Asker: 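Below you'll find the structure I mean.
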Amino acid sequence: MGKPKVVLGVSGGIAAYKACELLRRLTESGHDVRVVPTASALRFVGAATWSALSGHPVSTEVWSDVHEVPHVRIGQQADLVVVAPATADMLAKAAHGLADDLLTNTLLTARCPVVFAPAMHTEMWEHPATQENVATLRRRGAVVIEPAVGRLTGADSGKGRLPEPGEIFEVCRRVLARGVTAPDLAGRHVVVSAGGTREPLDPVRFLGNRSSGKQGYALARTAAARGARVTLVAANTGLPDPAGVDVVPVGTAAQLREAVVEAAADADAVVMAAAVADFRPETYATGKIKKKEGADPDPVVLVRNPDVLAEISAGRPRPGQVVVGFAAETDDVLANGRAKLRRKGCDLLVVNEVGERKTFGSEQNEAVVLGADGSETSVPFGPKEALAETVWDLVAERLA
Ligand code: CTP
């Protein structure tokens with residue numbers, strides 16, 4: 001089998017320079033990349049750069065090498081088309097099927113998955129014209145990555161930044177691996193919680209846990225690549241924001257609850273991958289707790305935290321919403337898992353056996369996904385993304 005063929009479309013925005021890094025990542029990981037810039041993209045980064053980095057000739061219009069019918073061939077032969085950056089103008093052309101240069105022709109002839117990574121000023125992104133074009137493209141099956149929030153060209157900042165090239169690369173890799181043109185979570189809103197909550201004792205101390213957040217981030221990334229709008233409620237993870245995902249940072253279980261409940265109001269699925277502290281210290285000392293000479297330390301009195309998973313499962317703010325919980329067990333894994341599934345009232349429970357190499361902080365995981373309908377799906381030891389894909393397969397089945 002030859003290398004997967006990727007078309008990298010580049011439209012005319014200052015973020016075009018970041019596409020060089022995306023191109024490098026794609027070629028270094030074994031993809032055959034054909035760069036198709038627009039004429040305005042070449043005002044930012046020249047044809048020589050694209051040609052040297054991709055190892056292919058570069059042209060912007062349909063009149064070069066006409067005997068090879070490039071305006072049809074490039075799109076037809078592609079396994080993936082990714083447009084980064086996609087300007088407001090490019091999204092509009094793509095949504096309306098205009099074909100006045102090589103890139104827009106390629107978009108019309110491509111029958112493979114298409115990913116757009118928009119970058120523009122906040123006003124342009126939020127304009128109803130752009131939002132309707134994005135909705136049209138998503139409805140037709142394209143993956144449109146939400147822009148990142150941050151510094152824009154000039155002094156202003158807001159939503160509209162091109163996500164980091166490494167993050168766009170991850171979306172491309174996931175979309176290519178699935179190889180389908182109609183993302184099964186398109187038009188869905190999913191909420192994922194990740195990380196571990198911290199319950200403060202005083203200004204410098206907290207009760208916490210060892211959850212890294214990697215499983216929740218893998219869930220968020222894979223859902224975005226399958227076309228979902230993703231809200232990631234992230235408790236103390238320190239991981240980079242996945243591309244196209246709305247990240248809501250939280251600290252404590254109470255903050256996590258508030259963020260999850262708010263986002264769940266219009267969500268099709270809620271996946272609670274976070275390790276939420278079951279207890280918090282009853283009192284918070286506003287000053288640092290000091291040791292007293294010759295005296296025993298004061299005991300720490302704990303009180304129960306709300307159970308977010310049980311609350312969402314019981315409330316189901318949206319009819320047909322699919323709720324997924326996680327459980328880490330050391331013994332009687334399946335029996336404890338079944339009992340927990342019933343107690344929490346969720347549709348699916350991902351049961352991990354906690355061990356030395358597994359689960360906490362590791363890149364790999366192994367689990368059984370139990371369904372309230374009695375189903376049992378084993379996921380062999382492997383990358384956390386594989387487990388995430390299985391979870392979304394099961395969620396998508398239930399949503400359909
Ligand atoms: N969870 C939650 N709110 C809590 C505690 C846990 O939403 N206050 C969610 C977690 O995100 C996870 C699931 O519940 O999806 C499993 O939590 P776990 O702590 O294993 O369940 P417990 O009922 O606390 O069971 P155990 O007695 O084994 O700790």
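All ligand and atom numbering here is 1-based and tracks the order in the structure. This is a predicted model, so every value here is computed, not measured.
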Asker: Donor-acceptor pair, T136 side chain versus A95 backbone, under 3.5 Å?
Answerer: no
Asker: Is the shortest heavy-atom distance from the side chain of V324 to the side chain of D347 under 4.5 Å?
Answerer: no
Asker: Is any side-chain heavy atom of L152 less than 4.5 Å from a side-chain heavy atom of R161?
Answerer: yes
Asker: Mind running salt bridge (charged side-chain N to carboxylate O under 4.0 Å, His left out) on R188 and D268 for me, showing each step along the way?
Answerer: CA-CA 6 Å; R188 304 288 190 180; D268 297 287; 3.4 Å; yes
Asker: Could you pull out all residues at least two apart from R226 that satisfy salt bridge (Lys or Arg N to Asp or Glu O under 4.0 Å)?
Answerer: D184, E389, D393
Asker: Pairwise, report which nitrogen or oxygen atoms of ligand 1 are under 3.5 angstrom from protein nitrogen or oxygen atoms, and how far apart they are.
Answerer:
unit_1, atom_1, unit_2, atom_2, d
ligand 1, 3 (N), V308, N, 3.1
ligand 1, 7 (O), V308, N, 3.3
ligand 1, 7 (O), L309, N, 2.7
ligand 1, 8 (N), P306, O, 2.9
ligand 1, 11 (O), M272, O, 3.4
ligand 1, 11 (O), A274, O, 2.7
ligand 1, 14 (O), K344, NZ, 2.9
ligand 1, 15 (O), M272, O, 2.7
ligand 1, 15 (O), F326, N, 2.8
ligand 1, 15 (O), F326, O, 3.3
ligand 1, 20 (O), K340, NZ, 2.7
ligand 1, 21 (O), K340, NZ, 3.4
ligand 1, 21 (O), K344, NZ, 3.4
ligand 1, 23 (O), K344, NZ, 3.3
ligand 1, 24 (O), D278, OD1, 3.2
ligand 1, 24 (O), D278, OD2, 3.0
ligand 1, 25 (O), K340, NZ, 3.1
ligand 1, 28 (O), K340, NZ, 3.0

Asker: Please tell me if the side chains of P281 and V301 come closer than 4.5 Å, counting only heavy atoms from C-beta onward.
Answerer: no
